[in-house]
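So the structure is just underneath, and the comments pick up after that.
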Number of protein chains: 2
Amino acid sequence: MNAPATPAASPVCPRQCEACGLRRTSAFTKVGAEELAFIDGLRSGTHSVPAGGTLIAEHRPNGKLYTLYAGWAFRYKTLSDGRRQILNFLLPGDLIGLQQEFGDTAMHGVDALTDCNFCVFPADGLWTLFHARPRLGYDVTWLAAREEGMVDDNLLTTGRRNATERVAMLLMHLHRRLARLGLTEPDGSVLFPINQQHIADALGLSLVHTNKTMRRLLQLGLHEISGGRLKILNPRALGRIAEYYETLPRPVPLL
Amino acid sequence: MNAPATPAASPVCPRQCEACGLRRTSAFTKVGAEELAFIDGLRSGTHSVPAGGTLIAEHRPNGKLYTLYAGWAFRYKTLSDGRRQILNFLLPGDLIGLQQEFGDTAMHGVDALTDCNFCVFPADGLWTLFHARPRLGYDVTWLAAREEGMVDDNLLTTGRRNATERVAMLLMHLHRRLARLGLTEPDGSVLFPINQQHIADALGLSLVHTNKTMRRLLQLGLHEISGGRLKILNPRALGRIAEYYETLPRPVPLL
DNA sequence: CGTAAACTTGACCCTTTTCAAAGCCCGTGG
DNA sequence: CCACGGGCTTTGAAAAGGGTCAAGTTTACG
């Protein structure tokens, strides 16, 4: 379907946006030379966070905006006694920090799952962007709406699906997103750098129950996880269980 | 704190945005005359939906944008067997339909809880708006980020809080939002046009368990619901249970 | 005053959580 | 080369929170 140059090939953000590995990908909307130059000018630098590190600490809003260039990360919120809810997983191309920018109630942390590289945009960059490049402003809103859509889905999953359905949903969802980024191996497997605790926290389940549920699915031969990679063996069955609907792939804006 | 003219006073959208009852309220950001005129020009009309009716049917995307002028509504998603998850409640001033506009995966229904009046903006209005009025584009993004923040909160609630905490959270959350809109009566009570089924669907609980949980809270004297009105009797206790953090009120953009 | 919708309650069952303890994988250091 | 330790996964058993079923009861309203 799509076999773009994998962004993982060179995981470090290039100096110039024109050399951006992500943009080569068919996953993102094409953007004019002028706009590209503008983005390049707006970008204040890059930042990298090692696996397990935190990009944004909860309750400590920072106005900066980031685009995840390479790696996996996740957004989360916690309660005072340590209960944690993962809001969504972040993959290359995702824009991070909009809520912070607007200094609203939305406070959440962002941690890296693998070594991550981010492009950094200054706090007041958005304002500039909206004025100078309405088209890009529109794109930002698009991205915001898209991310909200993902959280909506997670809310449905967490609120109304049972454990088996939840796991099936998560596997299908992540696999599809990675596939769209061209991050699948020829054998159909994808990198899967999250452990069962992350899955439990994303799905609102306990670790133990998550494990037992995944074990059951595993024994049914619906998927396979080993060596930090995930392979979906029976997408139809998993999709049916999760009531997962494929949506037509569509290029996504990239800041 | 704020005692603005209640929008509910005249529940029908006025012809001209300049006469907008909502804008009189201290809850919304002031906007220049030019921008106001622009919004007025953009607005293609008004629409009203009776209590129980639906503004947007699930899985049937319509490109229009709406601003809820008066009334209560809610966004939801359902599974094929009827399980329903309410994503969030919509109160006056909320912008509706961004996800649709962008035609992404985010498919959800919007139903009216009370008789509702909406201002309608055409499908391609956003594009125009971003180009002609960057400031308003920025506002739209702000609203999108704010709504995502609310869904984030709901996800934490549904995924990691127990039944009692969930109910406490919902009551505090709605009461605060209404208070900010100036929709509290002198006695501190607010309109509360939702039934226990709605609460259950918003919190990811069953109807029966929701009832038992609310009954317990009621007997503790933490709140009071009758005649379609809610009064918080012990905000401190409810807030503590929910681990609810008050955020400083702040004017919100209005389209 | 009658009907329908919404709220309550009790009993029972089951999914999920909690607690506790092994087992496994792997990198480190002796 | 092997023992050791830490993180992650697996399992079992027991408890609990929440779901389901099946009536009632109250309230709203025509």
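Here is the naming used below: chain letters follow the sequence lines, and residue numbers restart at 1 for every chain. Every heavy atom of this structure was used, including side-chain atoms; hydrogens, water molecules and symmetry mates were not.
- Contact detail for B:Ala51 and B:Leu113: the closest heavy-atom pair is CB-O, 3.5 Å.
- A:Gln197 has its CD atom 13 Å from the C1' atom of C:dT18, to the nearest Å.
- At whole-Å resolution of the value, CG in B:Asn162 and C1' in D:dG17 are 9 Å apart.
- The two residues B:Arg176 and B:Thr247 make their nearest non-hydrogen contact at NH1-OG1, 3.2 Å.
- Following rounding to the nearest Å, A:Leu217 (CG) and D:dT10 (P) show an atom-to-atom distance of 13 Å.
- Here B:Arg75 pairs with A:Asp152 in a salt bridge; the nearest charged N to carboxylate O distance falls below 4.0 Å.
- What separates CG of B:Leu230 from C1' of C:dC7 is a distance of 16 Å, to the nearest Å.
- Under the 4.0 Å criterion applied to side-chain N and carboxylate O atoms, B:Glu165 and A:Arg83 are assigned as salt-bridge partners.
- In this structure, A:Phe74 has its ring center under 6.0 Å from that of A:His198.
- You'll find the ring centres of B:Tyr244 and B:His173 outside the 6.0 Å limit.
- Toward the 5′ end of DNA chain D lies the nearest nucleotide of A:Ile194, the other residue of the pair A:Ile194 and A:Arg160 mapping further downstream.
- In this structure, A:Arg177 pairs ionically with A:Asp94, as a charged nitrogen and a carboxylate oxygen lie closer than 4.0 Å.
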Got a list of protein N/O to nucleotides 24-30 of chain D N/O distances below 3.5 Å?
none

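- In this structure, A:Asn195 places its CG atom 10 Å from C1' of D:dT9, rounding to the nearest Å.
- The rotation axes computed at either terminus of the helix from C:dC1-D:dG30 to C:dG30-D:dC1 lie 30° apart, taking five pairs at each end and rounding to 10 degrees.
- Atom CD of B:Glu185 sits about 12.5 Å away from atom CG of B:Leu230, to the nearest 0.5 Å.
- In this pair, B:His47 and B:Tyr66 present their aromatic rings tilted. The plane angle is within the 30 to 60° band.
- Counting to the nearest Å, the P atom of D:dG19 and the CG atom of B:Asp81 are 15 Å from each other.
- If you check C:dT8, D:dT10, C:dT16 against the side chain of A:Ala163, the one that comes closest is C:dT16.
- Only A:Gly204, A:Leu205, A:Ser206, A:Val208, A:His209, listed by number, bring a heavy atom of residues 202-213 of chain A to less than 4.0 angstrom from any atom of DNA chain C.
- At distances below 3.5 Å, at least one donor-acceptor pair connects side-chain atoms of A:Thr157 with backbone N or O atoms of A:Asp153.
- Distance CD1 (A:Ile199) to P (D:dC8): 13 Å, rounded to an integer number of Å.
- A:Arg216 has its CZ atom 12 Å from the P atom of D:dG12, to the nearest Å.
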